[in-house]
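First up is the structure itself, then whatever we jot down about it.
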Amino acid sequence: MSGPLVVLVGPMGVGKSTVGELLAARLGTTYRDTDADVVTEAGKPIAEIFYDEGEEHFRALERRAVTAAVAGHAGVLSLGGGAVLDGATRELLAGHPVVYLSMDVEEAVRRVGLGAARPLLAVNPRRQWRELMDARRHLYEEVARTVVATDDRTPEEVAQAIIDALELPEGAAAPGVESTGMTQQAPTRIQVAGSAGSDPYEVLVGHQLLGELPQLIGDRAKRVAVLHPEALAETGEAVRQDLADQGYEAIAIQLPNAEEAKTVEVAAYCWKALGQTGFTRTDVIVGIGGGATTDVAGFVAASWLRGVRWIAVPTTVLGMVDAAVGGKTGINTAEGKNLVGAFHPPAGVLCDLAALESLPVNDYVSGMAEIIKAGFIADPVILDLIESDPEAARTPAGPHTAELIERSIRVKAEVVSSDLKESGLREILNYGHTLGHAIEKNERYKWRHGAAVSIGMVFAAELGRLAGRLDDATADRHRTILQSVGLPLTYRGDQWPKLLENMKVDKKSRGDLLRFIVLDALGKPTVLEGPDPAVLLAAYGEVSA
Ligand SMILES: NC(=O)c1ccc[n+]([C@@H]2O[C@H](COP(=O)([O-])OP(=O)(O)OC[C@H]3O[C@@H](n4cnc5c(N)ncnc54)[C@H](O)[C@@H]3O)[C@@H](O)[C@H]2O)c1
Ligand SMILES: O=C(O)C(=O)C[C@@H](O)[C@H](O)[C@H](O)COP(=O)(O)O
């Protein structure tokens with residue numbers, strides 16, 4: 001029977017592309033991947049096909065790609081992890097030399113890491129892996145002529161095992177085809193300059209970034225503490241295990257989810273764990289989670305031994321575009337938001353976009369508030385991109401997700417690069433936060449940060465308008481765009497006295513002087529000092545429910 005020399009099937013992350021390319025080079029032939037064929041035909045990434053047209057449509061495209069490839073490709077072929085779910089696709093493989101590349105769950109968790117393009121594995125990888133394999137193992141076995149285990153084997157060893165199992169003839173390596181290691185797109189690297197005596201660092205945005213951790217941790221560290229929220233317990237443990245496997249004395253410290261982590265009690269719990277582990281100044285903290293987690297991780301790093309290195313691995317939109325970048329770390333007190341903290345920049349920030357796939361939609365949307373903030377204060381293209389399809393902007397599968405995140409990070413990176421300690425320019429990042437933080441305190445930190453900031457931005461826009469600075473169209477645009485992604489615009493009218501009181505401890509206040517960031521125009525933020533109380537009240541009237 002003519003057709004491919006070898007067809008590789010197996011679960012995501014097993015290394016089909018790496019092994020497939022290597023094998024093709026060893027056999028002197030070419031490599032083809034039906035996932036890539038589907039993406040080319042559809043003109044968009046697989047995640048988007050799933051989102052826009054659904055799995056059934058994707059499987060139909062995949063079936064067509066497999067039909068064409070088994071008929072027209074004579075080299076090494078690999079299929080997507082779920083291809084065998086389709087009965088007709090399985091039938092197409094009959095009679096062909098199909099190899100099932102298998103791996104056990106521990107290997108899968110190690111390789112999959114945070115779940116690069118494997119969103120479901122991000123939160124509870126072991127359980128979800130077992131469930132996935134229970135549903136698929138017998139299908140891989142059904143189509144396969146042979147099974148090759150990949151556990152504890154290098155890609156070269158796996159390729160050799162396939163050659164041996166199928167008794168394949170080795171040929172001259174095809175020109176230009178060589179082993180490339182895991183196929184992956186290079187991440188975007190955004191530089192944050194050192195300022196106020198701090199070191200420069202990079203924010204990486206992309207997929208499969210956890211491999212960068214050891215390099216960032218460096219050779220001098222003996223111990224690493226991985227701080228993660230309860231929601232990412234399995235991920236935290238997988239990362240800890242991975243670092244332990246690489247020779248670090250690695251501990252995981254689980255924090256409560258969300259704002260409950262930002263307390264002095266939680267910080268004290270972390271200090272105790274570090275003390276008991278003998279954490280020294282050359283050891284490193286890794287914060288994996290949303291903004292609440294990285295705020296605490298950074299604060300613990302800033303305060304332990306008066307400062308140890310830390311790395312941020314944000315797993316929420318808000319964490320990526322804002323909290324993990326810029327070195328503001330801290331915790332809340334009963335008196336106000338982020339009242340205790342330090343400026344302590346990370347040694348690096350790894351934004352693995354796959355982590356966003358498991359984020360609940362309300363947390364995703366909360367992060368949109370900070371993206372929209374970046375749009376209003378500095379980069380209006382952000383607003384245009386969201387307005388082009390607000391519904392899509394609410395999900396990680398949206399067409400502009402990576403661009404929105406990267407643009408927002410660039411805004412923040414540029415500001416903090418020149419003013420780490422908020423002695424001037426950095427205050428613009430606080431747009432919408434004066435009232436926003438007051439609302440969060442009023443709600444005893446049970447509200448999502450982005451929801452409070454959304455109302456705070458509408459308030460700031462009204463303040464700008466009433467102060468005669470901002471034009472009507474830009475002020476109105478705040479409501480339209482925030483509402484379009486599902487963020488709130490109003491708060492309880494009877495709470496003004498309490499909110500006013502809360503705002504007095506805002507970090508921008510000077511003595512009795514309240515200070516707000518307002519806009520003179522789109523992309524032109526400025527400080528409004530000591531506005532007339534009647535103007536403040538009138539602006540609040542515009543956001544009162
Ligand atoms: N330091 C700064 O410059 C800065 C900037 C902006 C905001 N912040 C702070 O960030 C915090 C808000 O951050 P946030 O919006 O990321 O919220 P968060 O950290 O509270 O996370 C939201 C929820 O999602 C869970 N979670 C995180 N990643 C997940 C994932 N990938 N999948 C599933 N669940 C996941 C968390 O455990 C939590 O329950 C606030 O405390 C705010 O003050 C700090
Ligand atoms: O990085 C900054 O500076 C900001 O103001 C970003 C804000 O989005 C963020 O919420 C920050 O934590 C607020 O800082 P605070 O000093 O007002 O607590």
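Remember, it's 1-based here, ligands and their atoms both numbered in the order they're listed.
In this structure, the side chain of Arg394 engages the main chain of Val485 through a donor-acceptor pair within 3.5 Å.
Backbone and side-chain nitrogen or oxygen atoms of Thr329 are examined, and none is located within less than 3.5 angstrom of a nitrogen or oxygen of ligand 1.
For the pair Ala355 and ligand 1, a heavy-atom separation below 4.0 Å is found. The closest approach between any non-hydrogen atom of Met320 and ligand 1 is not below 4.0 Å. Ligand 1 is never approached by Arg448 to a heavy-atom distance shorter than 4.0 Å.
Shortest contact from atom 4 (C) of ligand 2 to any protein heavy atom: Leu429 CB, 3.6 Å.
Scanning Asn338, Val416, Asp363 for the heavy atom closest to atom 23 (C) of ligand 1 points to Asp363. Nearest residue to atom 11 (C) of ligand 2 from Lys507, Glu440, Lys328 is Lys328 (criterion: closest heavy atom).
Using a 4.0 Å cut-off between heavy atoms, Glu427 makes no contact with ligand 2 at all. At a 4.0 Å heavy-atom cut-off, ligand 2 touches His433 through the side chain alone.
One finds the OG1 atom of Thr526 at 14.0 Å from the CZ atom of Phe516 (value rounded to the nearest 0.5 Å).
Between Val284 and Trp310, every side-chain heavy-atom pair lies at or beyond the 4.5 Å cut-off.
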